[in-house]
Amino acid sequence: MTWLFRLLFAFVGVVFLSIFLVAWVSYTVWASLRWLITGRKPRLLAMWEQYHNLRNAFDHRGASPFPQPQSDDVVDVEARRVPDDPAASSSSPSPKSENKG
């Protein structure tokens, strides 16, 4: 019985792969013909070129699209305890208490 399931799943996999390949080839042919007729690049190709140009721009400037931590920057901070009730630690009176009177 297990060989039947393996055969069935192999068949389903081959059908899925063949449908995907036919769709990919069809899109490639259609996009190429449209590109030849209208002169407009396919959107997928335009997006790929934009991504590639952006990546090259970052590579040539030596910058990265992601911020890199600087090893020579040291920031000293003073640690202090934060109270649970922010109203109790406030030394200035609240605006509501000034309006009473």
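As a basis for the values below, the full set of heavy atoms in this structure was taken, side chains included, without hydrogen atoms, waters or symmetry mates. Here, residue 1 is the first one in the sequence, and each next residue gets the next number.
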Legend entry - Within-4.5 Å side-chain heavy-atom neighbours: Val29 and Leu33: yes
Legend entry - For Tyr51, all residues meeting ring-ring contact (aromatic ring centres under 6.0 Å, His included), sequence neighbours excluded: Trp48
Inset, instruction - Return the set of residues passing ring-ring contact (aromatic ring centres under 6.0 Å, His included) with Trp30 (not counting sequence neighbours), or none when no residue passes. - result: none
Connecting only ILVMFWY residues whose side-chain heavy atoms lie within less than 4.5 Å of each other, what is the rest of [X]'s hydrophobic cluster?
X     : value
Phe11 : Val15, Ile19
Phe16 : none
Leu45 : Trp35

Legend entry - Where at least one partner belongs to residues 13-29, residue pairs that pass side chain to side chain donor-acceptor pair (under 3.5 Å), sequence neighbours excluded: none
Legend entry - Asn53 atom CG, neighbour heavy-atom count above 12 within 6.0 Å: yes
